[in-house]
Amino acid sequence: MRVGTPKEIFEGENRVAMTPESALQLQKLGHECVIETKAGAAAGFSDKNYKDAGVEVVKTAAALWKTADVVTKVRQPEAIELKRLRDGQTLISFFNPGANEAGMEAARDKGATVIAMEMVPRISRAQKMDALSSMANIAGYRAVIEAGNNFGRFFTGQVTAAGKVPPAKVLVVGAGVAGLAAIGTATSLGAITYAFDVRPEVAEQVESMGAEFVFLDFEEDQADGATTGGYAAVSSPEFREAQLAKFRELAPEIDIVITTALIPNREAPELWTEDMVKSMKSGSVIVDLAAEKGGNCKLTVMDKKIVTDNGVTIVGYTDFPSRMAAQASTLYSNNIRHMLFDLTPEKDGVIVHNMEDDVIRGATVTHAKEITFPPPPPKIQAIAAKKPAPPPPTAEEIKATEMEAFKAATKQQTTLLVGGGLLILLVGAYAPASFMSHFIVFALSCFVGFQVIWGVSHALHTPLMAITNAISGIVIVGALLQVGSGNWLVVTLAVISVLIATINIVGGFLVTRRMLAMFQRS
């Protein structure tokens with residue numbers, strides 16, 4: 001297949017859906033790569049870079065759309081681009097299917113297959129294709145940089161001869177991918193960072209990054225993330241009021257607010273109201289990452305930076321990833337490459353659109369002249385459901401378990417005794433009486449010795465050391481019983497046995513003492 005990437009026509013978009021590095025990987029899958037001239041220039045990739053990677057460079061977008069079997073883009077396609085779709089062609093890009101019914105109908109009428117990158121299900125196998133997360137990671141980092149650019153002080157506190165500078169206080173609302181990236185950046189710059197999320201289970205992640213989680217004195221059962229695609233669920237009105245009350249309490253003390261609360265295919269919830277903005281100090285900054293969907297702040301203006309009457313700067317840019325075009329293009333092109341890897345199972349350059357695959361089916365919005373949005377829930381949940389802890393056993397269950405263990409041990413010992421008795425009877429039927437007296441003593445010694453040795457408690461640092469010392473102890477007892485023998489050879493062997501076994505026991509305790517000393521403070 002010919003995989004083509006046109007130049008983005010959305011104003012201000014600097015990203016590109018194919019980099020020279022990703023093109024090399026696509027060619028290993030058996031695909032040919034083609035790109036429109038200067039498509040990657042804004043991201044720092046020249047036409048020469050693409051040609052060196054074996055990519056064909058065409059002069060016009062029309063020529064690219066005409067020859068490419070698969071078209072990869074970043075932004076939602078414009079009307080002129082939708083007209084260029086043809087039957088059997090595959091388009092992979094952000095598509096906003098929840099609010100783009102006209103686009104889906106146009107693609108269906110053309111007979112094209114559309115894969116929307118924002119619809120990739122959030123399951124473990126699809127993390128490498130999750131373009132929303134890769135772009136949100138960049139947006140969270142860039143939001144802190146933009147906030148610092150508009151903030152009039154250091155992030156970190158300083159004490160100098162010229163005066164004392166207090167550290168900035170940063171509040172991150174929403175601890176998803178973008179929120180965690182913002183938290184990590186703010187704490188690394190030395191700011192006192194607070195974070196809030198409607199999911200209290202993320203508190204551990206927030207605190208592990210050096211931030212303080214803001215808890216509400218309000219309890220509400222949240223929907224399992226497995227049923228919401230890994231995103232936070234919509235909160236109740238009572239929870240929302242408690243949340244706003246907490247923000248009003250924090251607003252006068254916070255220097256920088258970064259809001260990231262957004263649920264796909266929904267308008268952004270209003271979390272930072274006008275009265276909160278008015279209560280903030282002059283020089284404070286609000287960066288609203290949900291500006292494209294209406295904004296979490298009441299006063300946010302999309303794609304604009306405004307300053308309120310009380311001196312608060314509100315940044316409503318929607319192109320944070322595009323402001324780091326080279327890095328964003330690299331990550332996004334990797335997401336596209338992994339998607340094409342799943343679409344090319346035989347690595348022979350042939351696209352196989354398997355609608356039984358959870359990832360491919362979830363991301364597909366039009367296929368075979370049908371609109372397939374919204375997709376069915378994935379067979380594999382986004383987050384593994386928590387298994388309830390088993391209840392503690394009752395007294396009757398404990399007694400029954402002990403009785404079963406006792407019966408099993410009794411059965412084993414009885415089997416050994418019966419088997420040993422039968423063996424002795426068999427041997428006694430043919431062996432002389434003098435042999436049998438010694439053989440019975442030997443068999444009983446083995447049985448008793450086994451029971452004694454394996455019954456020794458593990459007083460030493462390992463069971464093996466305890467058992468070897470128990471064996472040595474049995475050897476000493478047996479040797480002492482033979483010391484009084486009238487045969488000089490037996491006495492000599494008994495003395496040697498006592499000496500060697502004693503050395504073994506003493507050495508075992510010395511080794512144990514040295515081992516235990518390694519774990520003691522000096």
Side-chain angles (χ1 to χ4, degrees), residues 1-8 13-36 39-40 42-47 49-58 64-65 67-77 89-95 112-138 177 321-322 324-354 357-365:
M1 296 285 182
R2 286 173 63 84
V3 179
T5 299
K7 184 178 180 180
E8 297 294 325
E13 181 56 69
N14 298 321
R15 291 172 291 177
V16 64
M18 181 192 295
T19 64
E21 183 180 355
S22 70
L24 290 172
Q25 299 300 321
L26 292 176
Q27 290 169 43
K28 291 180 180 179
L29 295 175
H31 299 300
E32 296 178 8
C33 296
V34 57
I35 194 166
E36 184 182 352
F45 305 111
S46 66
D47 289 349
N49 296 144
Y50 286 105
K51 290 178 180 178
D52 292 343
V55 180
E56 180 185 350
V57 179
V58 297
L64 184 136
W65 284 85
T67 61
D69 301 301
V70 180
V71 177
T72 61
K73 274 180 50 62
V74 178
R75 287 280 184 169
Q76 174 183 332
Q89 196 172 40
T90 299
L91 171 65
I92 305 176
S93 74
F94 285 109
F95 203 79
T113 296
V114 174
I115 296 177
M117 291 303 292
E118 66 265 58
M119 293 302 298
V120 171
R122 284 193 162 178
I123 60 177
S124 298
R125 184 171 66 85
Q127 288 180 353
K128 59 189 177 182
M129 310 172 215
D130 191 353
L132 280 179
S133 292
S134 61
M135 296 299 102
N137 180 33
I138 295 174
V177 176
S322 184
M324 301 180 67
Q327 183 66 72
S329 298
T330 299
L331 296 182
Y332 182 71
S333 64
N334 283 336
N335 297 142
I336 295 285
R337 172 173 64 84
H338 287 300
M339 176 62 74
L340 285 168
F341 183 88
D342 276 21
L343 288 168
T344 318
E346 300 298 328
K347 299 182 182 180
D348 56 356
V350 177
I351 296 293
V352 179
H353 203 96
N354 180 14
D357 186 289
D358 269 347
V359 178
I360 296 173
R361 174 63 187 89
T364 302
V365 297

Worksheet entry | Arg125 bridged to Asp130 by N-O distance under 4.0 Å | no
Taking the side chain from [X] and the backbone from [Y], do they hold a donor-acceptor pair closer than 3.5 Å?
X	Y	value
Ser134	Tyr332	no
Asn354	Leu343	no
Asp69	Arg2	yes
Thr344	Lys347	no
Gln89	Ala68	yes

Tell me the closest heavy-atom pair linking [X] and [Y], and the distance in Å.
X	Y	result
Ile138	Pro321	CG2-CA, 3.8 Å
Cys33	Ala23	SG-O, 3.7 Å
Met129	Val120	O-CG2, 3.8 Å
Thr113	His353	CG2-CE1, 3.4 Å
Leu132	Glu118	CD1-O, 3.4 Å
Leu64	Glu36	CD1-N, 3.4 Å

Practice prompt. Nearest 0.5 Å please: distance from the CG atom of Leu26 over to the CD atom of Glu21.
Written response: 11.0 Å
Worksheet item: At what distance, to the nearest 0.5 angstrom, does CD1 of Ile92 lie from OG1 of Thr5?
Response: 9.5 Å
Discussion item. Evaluate Val57 against Lys51 for side-chain contact (heavy atoms from CB on, under 4.5 Å), listing each step before the verdict.
Written reply: CA-CA 7 Å; Val57 179; Lys51 290 178 180 178; 3.8 Å; yes
Fill in: Trace of the side-chain contact (heavy atoms from CB on, under 4.5 Å) decision for Thr364 with Met119
CA-CA 8 Å; Thr364 302; Met119 293 302 298; over 6 Å; no
Discussion item. Applying salt bridge (Lys or Arg N to Asp or Glu O under 4.0 Å), can you list everything that pairs with Glu13, at least two apart in sequence or on another chain?
Written reply: Arg15, Arg75
Worksheet item: More than 12 heavy atoms of other residues, nucleotides or ligands under 6.0 Å from NZ of Lys128: is that the case?
Response: yes
Item to complete: Please assess Met117 against Ile336 for the test side-chain contact (heavy atoms from CB on, under 4.5 Å), listing each intermediate value before the final yes or no.
Response: CA-CA 8 Å; Met117 291 303 292; Ile336 295 285; 4.0 Å; yes
Distance-only donor-acceptor hits, side chain of residues 324-331, under 3.5 Å, sequence neighbours excluded:
| from | atom 1 | to | atom 2 | distance (Å) |
| --- | --- | --- | --- | --- |
| Ser329 | OG | Val16 | N | 3.0 |
| Ser329 | OG | Ala325 | O | 2.7 |
| Thr330 | OG1 | Ala326 | O | 2.9 |

Worksheet entry | Parallel, tilted or perpendicular, as decided by the 30° and 60° cut-offs, for the rings of Phe45 and Tyr50 | perpendicular
